[in-house]
Number of protein chains: 2
Amino acid sequence: MDIDTRSEFVESWGSMGVLWGINRSMARIHALLLATREPLGLEEITEELDMSRGNASMCLKELRHWGVVRRVNLTGERRDFYIAEDDAWSMLFRIASERKKREFDPALSALQKVLASAGEEDDLVKDRLEELEEMLRAMDRLLQRFLASEGASRGMLKFLSAQIPYRSKKGE
Amino acid sequence: MDIDTRSEFVESWGSMGVLWGINRSMARIHALLLATREPLGLEEITEELDMSRGNASMCLKELRHWGVVRRVNLTGERRDFYIAEDDAWSMLFRIASERKKREFDPALSALQKVLASAGEEDDLVKDRLEELEEMLRAMDRLLQRFLASEGASRGMLKFLSAQIPYRSKKGE
DNA sequence: ATGATTATTCAGAAAATACTGAACAACCAA
DNA sequence: TTGGTTGTTCAGTATTTTCTGAATAATCAT
């Protein structure tokens with residue numbers, strides 16, 4: 001694959017990462033793995049993306065935690081290698097759910113509390129906040145519809161997992 | 001309105017602000033104006049939210065720039081006062097559009113370039129990236145449908161803008 | 001065991017972001 | 001004009017976030 005094109009993709013994906021709340025390094029690593037056929041080792045990643053081992057290691061740990069990246073062992077290789085999981089949806093799905101829970105839902109319920117306590121005399125405020133609540137609920141529905149589509153595009157699991165000749169490792 | 005409830009709303013809205021990419025101070029000011037019947041002056045805002053005049057002034061400038069807050073003049077008052085615009089949608093609409101343009105669209109086109117340059121031999125990568133592209137386009141459609149609903153909830157423009165024959169005083 | 005290789009952690013450095021406050025500007029009234 | 005009041009700006013500061021790199025841990029071969 002064209003190397004310039006790939007690095008442009010890596011950087012774009014890095015910028016977009018903030019949209020779903022992951023930092024640039026994580027998103028860049030994820031992009032690199034997505035765009036690469038072969039599993040990559042820490043060495044290759046730090047080299048290609050020009051970042052420290054420590055940072056890369058931490059990012060990979062988190063990416064694995066989100067279920068977005070998997071660690072594999074190649075026969076004859078001592079080092080660890082990493083590949084992107086096949087369903088990129090899961091990243092969005094999990095991270096978005098998490099953020100929704102942490103940031104969205106509290107605001108929604110606070111708003112509903114305000115609404116409940118707004119006396120009838122507060123017409124202006126009440127109308128405005130009702131509109132706001134409607135907006136949040138619209139977002140909620142939209143988000144849910146989006147998240148519900150997770151799994152829709154599964155099924156093309158003709159993926160690396162099996163075909164990479166690898167041996168298992170304890171403590172995985 | 002219950003003061004505790006209101007401040008809880010202000011803080012929640014502040015946290016949620018980061019979701020659409022505005023900072024805490026801006027979102028808090030916006031929330032305060034949304035939850036308040038009367039127009040507020042700089043003084044009241046800095047006092048209630050405990051922030052500097054400079055910060056509040058800058059935030060209000062930006063909020064006006066996004067078309068989310070309006071400046072009004074009260075008869076007999078020399079100072080400026082501020083109210084939240086009636087259609088809170090516009091905030092999301094404009095900010096989301098902007099972010100989409102800056103962060104989303106470049107990633108999508110970079111991805112499409114990668115796809116175009118991925119040779120047929122790269123089956124694995126290609127499949128994976130096609131799935132990714134599909135995901136981004138799904139988000140695109142969703143975002144567009146959401147943004148298209150702007151205007152749907154207009155029409156309750158029974159608002160402050162002109163009427164305000166008002167006189168506010170410190171120590172309400 | 002020892003040494004060689006690779007992985008992880010985390011205290012501190014660096015960078016990015018947000019905020020303050022004082023200087024200045026704009027405005028008004030007398 | 002002057003003096004008083006309010007608004008805006010921005011250089012510097014504070015805070016938060018991200019990254020580095022050296023220390024440590026883990027693993028493997030011999």
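Just so it is clear, the structure is predicted and the values come from calculations on it, not from any experiment. Each chain gets a letter, A, B and so on, in the order the sequences are listed, and its residues count up from 1.
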Closest to side chain of R78(B), choosing from dG4(D), dG21(D), dT27(D): dG4(D)
Show each protein N/O and nucleotides 8-16 of chain D N/O combination with a separation under 3.5 Å, one pair to a line.
unit_1	atom_1	unit_2	atom_2	d
dT8(D)	OP1	R71(B)	NH1	3.0
dT8(D)	OP2	S57(B)	OG	3.4
dT9(D)	OP1	K61(B)	NZ	3.4
dT9(D)	OP2	K61(B)	NZ	3.1

Quick one: does [X]'s side chain have a donor or acceptor within less than 3.5 Å of a partner on [Y]'s backbone?
X	Y	result
E44(B)	G41(B)	yes
E11(B)	E8(B)	no
R128(B)	A84(A)	yes
S57(A)	R53(A)	no

Identified side-chain contact (heavy atoms from CB on, under 4.5 Å) counterpart of L132(A) within the set D127(A), V114(A), L111(A): L111(A)
Rounded distance [0.5 Å steps], CH2 in W13(B) versus CD1 in I29(B): 14.5 Å
Dot-bracket line, read 5' to 3' along DNA chain C, where crossing pairs take [ ] and | marks a partner on another strand, Watson-Crick or G-U under 3.5 Å: ||||||||||||||||||||||||||||||
Between T36(B) and R6(B), a side-chain donor and acceptor under 3.5 Å: yes
Identify each atom pair where a protein N or O and an N or O of nucleotides 11-15 of chain C are less than 3.5 Å apart, giving names and distance.
none

Within-4.5 Å side-chain heavy-atom neighbours: V69(B) and I83(B): no
